[in-house]
Amino acid sequence: MFRLPIHKKGRPLRSQVVDLCPDFYSALLALLDQIPDDMVTVPVLLASAMGDPVAESAVKEALKREMFHSYRERVVPKPDSSDSHIFSGFRGKRLLEEMAGDQEERGKRVVITSLLERDGLIAGVDASYKGDTAYAACVVMNRDLEIVDSASTTIEARFPYIPGYLSFREAPGLLSAVSKVSGFDVLMVNGHGIAHPRRCGLASSVGLEVDKPTIGVARRPLVGEVGKIRGVLTPLIFDGLAVGAEVKRSEGPPIYVSVGHRIDLEIAGRITRETWRRGRLPEPLRSAHYEAQTAKRRDS
DNA sequence: GCGACAG
DNA sequence: ATCTTGTCGC
């Protein structure tokens with residue numbers, strides 16, 4: 001029977017992703033405390049000090065939270081032309097830079113293989129949010145796409161959504177939900193696998209943890225360009241490599257599939273096409289999304 | 001240089 | 001992802 005290594009007989013959660021999931025908000029607080037009393041700063045400088053300017057909007061969102069109420073006047077929206085008192089001398093470790101380095105390392109551990117013993121049971125996992133409270137659900141379907149098992153959990157996310165860093169927000173909840181179902185052959189995750197700037201998107205992070213064949217499926221690409229049609233799949237090219245593929249149906253917008261872990265693009269694409277019947281995502285993900293929404297509704 | 005940017 | 005009413009269409 002499938003079992004996740006993160007529940008050690010009632011011990012606290014342990015896994016690489018969970019261990020490496022730092023608290024974004026405490027790190028931001030530590031930076032805000034460095035601003036001298038007679039100075040202010042701007043969001044992009046805080047994001048850069050955290051290690052990646054891409055986090056600018058996440059910083060802006062965070063500053064709206066109650067937790068940062070007393071720091072609101074220390075951050076101005078734009079660098080005022082007349083102001084020479086914009087602080088930028090932040091010190092300390094760059095959290096996002098370390099996390100990106102970790103993704104690069106884990107991306108190298110992703111296994112791409114055409115060996116897939118069975119694919120009779122397909123699991124889908126997804127999460128819904130109410131603020132930072134995550135409601136994650138995992139459903140298991142048979143070949144006829146009938147639900148044979150499902151589970152959901154709720155957990156507090158300690159990290160905001162930042163493009164390229166989604167796994168640090170979502171993986172803990174998804175892993176918890178996945179650990180509650182009895183078993184499956186392939187896992188489908190709502191997000192990219194190796195079609196990621198550092199070859200380690202949400203689907204790869206989750207796949208490496210559960211050590212099962214894992215597929216990443218997303219509605220929009222994060223990196224890469226759609227290449228020339230090659231057979232039934234249109235490759236998504238990034239850095240000169242086919243890191244994923246665009247999957248089309250007769251009608252409606254396409255979706256993007258990539259290797260999460262222990263699978264290859266052809267098989268991942270085949271399973272994605274075989275399970276995509278209606279709507280914007282394949283059935284395992286539609287189902288998991290519905291269950292996650294239901295769990296959230298039930299809670300409030 | 002500026003904007004875009006999985007969920 | 002989430003905030004949100006009615007509304008266009010099969």
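The analysis underlying the following values was restricted to heavy atoms, covering all of them including side chains, and did not include hydrogens, waters or symmetry mates. Computed from a predicted structure; not experimentally measured. So you know, we letter chains A, B, ... as the sequences are listed, proteins then strands, and number each from 1.
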Candidates B:dG7, C:dT2, B:dC5 - which lies nearest the side chain of A:Val54: B:dC5
Whole-Å gap separating P (B:dA4) and CD1 (A:Ile162): 18 Å
Row check, A:Tyr165 ring normal vs A:Arg198 NZ/CZ: under 6.0 Å, within 45°: yes
Atom-to-atom span, CG of A:Asp132 to P of B:dG7 - whole angstrom: 18 Å
Value in whole Å for how far the P atom of B:dC5 lies from OH of A:Tyr161: 9 Å
Gap between atoms CZ and P, on A:Arg297 and C:dC3 respectively (whole Å): 13 Å
Sugar-phosphate only, base, or nothing, as touched by A:Tyr165 at under 4.0 Å among non-hydrogen atoms: base
Any A:Lys296 side-chain nitrogen or oxygen under 4.0 Å from OP1 or OP2 of C:dT2: yes
Out of B:dC5, B:dG7, C:dT2, whichever nucleotide has its closest atom nearest the side chain of A:Gln293: C:dT2
For atom CD of A:Glu225 and atom C1' of B:dC5, their distance in whole Å: 15 Å
Separation of atom CZ in A:Phe238 from atom C1' in B:dA4, rounded to whole Å: 14 Å
A:Arg65 CZ - C:dT2 P separation (whole Å): 13 Å
A:Lys93 atom NZ, neighbour heavy-atom count above 12 within 6.0 Å: no
side-chain N/O A:His289 vs C:dA1 OP1/OP2, d < 4.0 Å: yes
Sugar-phosphate, base or nothing in reach of A:Ser57, heavy atoms under 4.0 Å: nothing
Which nucleotide in B:dG7, B:dC5, C:dT2 has an atom nearest any side-chain atom of A:Arg219: B:dG7
A:Phe184 six-ring face occupied by A:Arg118 cation (under 6.0 Å, within 45°): no
Nearest listed nucleotide, side chain of A:Ser128, among B:dC5, C:dT2, B:dG7: C:dT2
Partner of A:Arg199 under side chain to side chain contact (heavy atoms under 4.5 Å, CB included), chosen from A:Asp239, A:Val259, A:Val110: A:Asp239
Nucleotide of B:dG7, B:dC5, C:dT2 approaching A:Tyr129 most closely (side-chain heavy atoms): C:dT2
More than 12 heavy atoms of other groups within 6.0 Å of A:Glu156 CD: yes
Separation of atom CZ in A:Arg278 from atom C1' in C:dG9, rounded to whole Å: 15 Å
Touch class at under 4.0 angstrom, heavy-atom based, for A:Gly216 against every strand present: nothing
